[in-house]
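One structure is given below, encoded as structure tokens.
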Amino acid sequence: MAEDNPIVGELMSMVARRTGIHLVHADNGQEAYEMILAKKAQGEPFTLLLADAMMPVLGGVELTRRLRAHGFSPEELPIIAVTAATAQDELREYMQAGMQAYLAKPVSLADFSATIEAWNPSEVRHVLAPNQPLSASLRLRYKLRKAETIEILEAAAKAKEPDIAAISQVRHMLHRLAGTAGSFGEQDLSRASARCETMLIEATPDEFGLRLQECLKLMNEAGLAS
């Protein structure tokens with residue numbers, strides 16, 4: 001799994017353990033690329049790749065293109081996008097890059113199991129009871145993530161002329177929150193985060209200030225500050 005969000009990484013690892021899957025974690029696409037090549041050279045190739053579509057250093061889409069160009073076929077290494085971005089044009093880009101399917105964040109046990117069974121059935125061993133509680137440390141990290149997000153969003157919304165760097169930081173935080181909030185029972189916040197991320201992607205520089213104000217209102221209404 002290539003995933004830069006540590007909370008999503010821990011959640012996915014927990015889901016994988018419950019289905020009997022040994023999941024190895026890379027923090028970005030470049031690290032995953034090097035690990036995949038190394039394991040193949042050692043004669044112990046990975047059998048499936050779960051890749052976050054948006055990561056620093058190297059995103060999942062470009063990682064997929066590089067692996068396919070290197071000769072990894074879909075039969076040898078199926079690649080599944082794990083993403084909060086599931087608009088039709090985004091899904092089309094994943095498939096055109098060489099991915100086989102996608103998992104929408106937050107990833108449920110049922111969706112994860114179905115995907116593994118479809119693309120790597122030999123790896124499924126068992127499924128445990130679905131009600132394993134989230135750890136206190138994971139909940140604390142999520143609470144701190146929310147606090148960091150609202151701090152960054154408020155600072156950007158108060159700026160007279162928010163710059164591209166500030167918008168990119170806000171978008172990054174929203175993307176990460178969209179992929180985790182649902183796992184903590186905050187589906188409204190997950191949807192609001194995804195909507196605000198899209199609003200900022202589509203905004204022109206002249207619209208940044210207004211869109212940030214709209215996002216701040218939407219996120220607060222969805223429970224960001226709670």
Side-chain angles (χ1 to χ4, degrees), residues 1-12 27-29 50-63 81-91 93-94 102-108 111 134 138-226:
M1 176 182 62
E3 170 62 66
D4 70 302
N5 186 333
I7 296 179
V8 172
E10 189 168 337
L11 288 167
M12 289 290 289
D27 290 329
N28 57 65
L50 303 171
D52 184 21
M54 293 178 61
M55 292 181 286
V57 184
L58 185 66
V61 173
E62 182 57 31
L63 169 61
V82 183
T83 180
T86 57
Q88 190 61 38
D89 57 339
E90 292 164 325
L91 298 179
E93 182 182 15
Y94 305 156
Y102 76 95
L103 282 168
K105 296 179 181 178
V107 178
S108 68
D111 288 345
L134 297 170
L138 195 58
R139 290 186 179 279
L140 176 59
R141 289 166 64 186
Y142 172 64
K143 184 177 181 179
L144 293 174
R145 171 68 53 74
K146 288 174 63 179
E148 183 182 9
T149 301
I150 195 167
E151 181 179 346
I152 291 172
L153 180 55
E154 286 179 341
K158 290 177 182 177
K160 291 183 179 180
E161 295 183 4
D163 57 20
I164 296 297
I167 295 298
S168 296
Q169 186 181 27
V170 172
R171 282 176 46 197
H172 179 64
M173 294 301 296
L174 290 170
H175 179 76
R176 298 175 78 176
L177 194 59
T180 56
S183 296
F184 293 84
E186 297 190 321
Q187 284 78 14
D188 287 347
L189 185 57
S190 178
R191 287 190 288 268
S193 299
R195 180 181 174 186
C196 287
E197 182 191 10
T198 300
M199 287 168 57
L200 293 176
I201 289 173
E202 295 176 345
T204 64
D206 291 340
E207 297 173 332
F208 284 159
L210 177 60
R211 295 293 174 259
L212 284 168
Q213 293 295 334
E214 292 174 349
C215 285
L216 184 59
K217 183 175 183 293
L218 283 172
M219 296 295 286
N220 281 327
E221 289 175 349
L224 178 60
S226 63

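Below, each value reflects all heavy atoms present in this structure, side chains not excepted, and no hydrogens, waters or symmetry copies. Count residues from 1 along the sequence. Keep in mind the model is a prediction, meaning the values are calculated, not measured.
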- Query: Met173 pairs by side chain to side chain contact (heavy atoms under 4.5 Å, CB included) with which of Ile152, Ile150, Leu153?
  - Reply: Ile152

- Item | Ala222 versus Asp188, closest heavy-atom pair with distance | CB-O, 3.8 Å

- Message: Tell me if the aromatic rings of Phe184 and Tyr142 count as close, with their centers under 6.0 Å from one another.
- Response: yes

- Apply side-chain contact (heavy atoms from CB on, under 4.5 Å) to Arg171 and Ile201, showing your working. CA-CA 8 Å; Arg171 282 176 46 197; Ile201 289 173; 3.4 Å; yes

- Interatomic distance, CD@Gln187 vs CZ@Arg191, rounded to 0.5 Å, equals 6.5 Å

- Would Ser193 and Leu189 count as a side-chain contact (heavy atoms from CB on, under 4.5 Å) if you check the C-alpha gap in whole Å, the side-chain angles of each, and the deciding distance to 0.1 Å? CA-CA 6 Å; Ser193 299; Leu189 185 57; 4.2 Å; yes

- Message: For a salt bridge (Lys or Arg N to Asp or Glu O under 4.0 Å) check, start with the C-alpha distance between Arg211 and Glu202, then their side-chain angles and the critical distance, and finish with the verdict.
- Response: CA-CA 10 Å; Arg211 295 293 174 259; Glu202 295 176 345; over 6 Å; no

- Query: Where do Ala81 and Tyr94 come nearest, in terms of heavy atoms and distance?
  - Reply: CB-CD1, 3.9 Å

- Of all the heavy-atom pairs spanning Met55 and Gly60, show the shortest one and how long it is. CE-N, 3.6 Å

- Does Glu186 offer a backbone N or O that forms a donor-acceptor pair with the side chain of Ser190 under 3.5 Å? no

- Item | Side chain proximity check, Asp4 to His172, heavy atoms < 4.5 angstrom | yes

- Item | Side-chain donor/acceptor of Asp163 to backbone N/O of Ala166, under 3.5 Å | yes

- Task: Using the side-chain contact (heavy atoms from CB on, under 4.5 Å) rule, take Leu212 and Ile167 through it: C-alpha gap first, then chi angles, then the decisive distance, then the call.
- Result: CA-CA 9 Å; Leu212 284 168; Ile167 295 298; 3.7 Å; yes

- Item | CG on Leu138 to NZ on Lys143, rounded to 0.5 Å | 14.5 Å

- Note on the structure: Note: Pro6 and Arg141 closest approach over all heavy atoms is CB-NH2, 3.1 Å

- Nearest heavy-atom approach of Pro162 to Ala159 is CD-O, 3.7 Å

- Can a salt bridge be assigned to the pair Lys105 and Glu3 using a cut-off of 4.0 Å between side-chain N and carboxylate O? yes

- Is the shortest side-chain N to carboxylate O distance from Glu154 to Lys158 below 4.0 Å? no

- Query: What's the spacing between Leu177 CG and Glu148 CD if we round to 0.5 Å?
  - Reply: 10.5 Å

- Heavy-atom closest pair, residues Ala84 and Ala178: CB-CB, 3.9 Å

- Query: Should the heavy atoms of other residues, nucleotides or ligands under 6.0 Å from CD of Glu151 be counted, would the total exceed 12?
  - Reply: no

- Return yes when atom CZ of Arg195 has more than 12 non-hydrogen atoms of other residues, nucleotides or ligands closer than 6.0 Å, and no otherwise. no

- OG1 (Thr83) and OH (Tyr102) are apart, to the nearest 0.5 Å, by 9.5 Å

- Query: Would a distance-only check, ignoring hydrogens and angles, find a side-chain to backbone donor-acceptor pair under 3.5 Å from Asp111 to Val107?
  - Reply: no

- Going from CG on Asn5 to CG on Asp27, what distance comes out if it is rounded to the nearest 0.5 angstrom? 10.5 Å

- Message: Distance check, rounded to the nearest 0.5 Å: Leu174 atom CG versus Met199 atom CE?
- Response: 10.0 Å

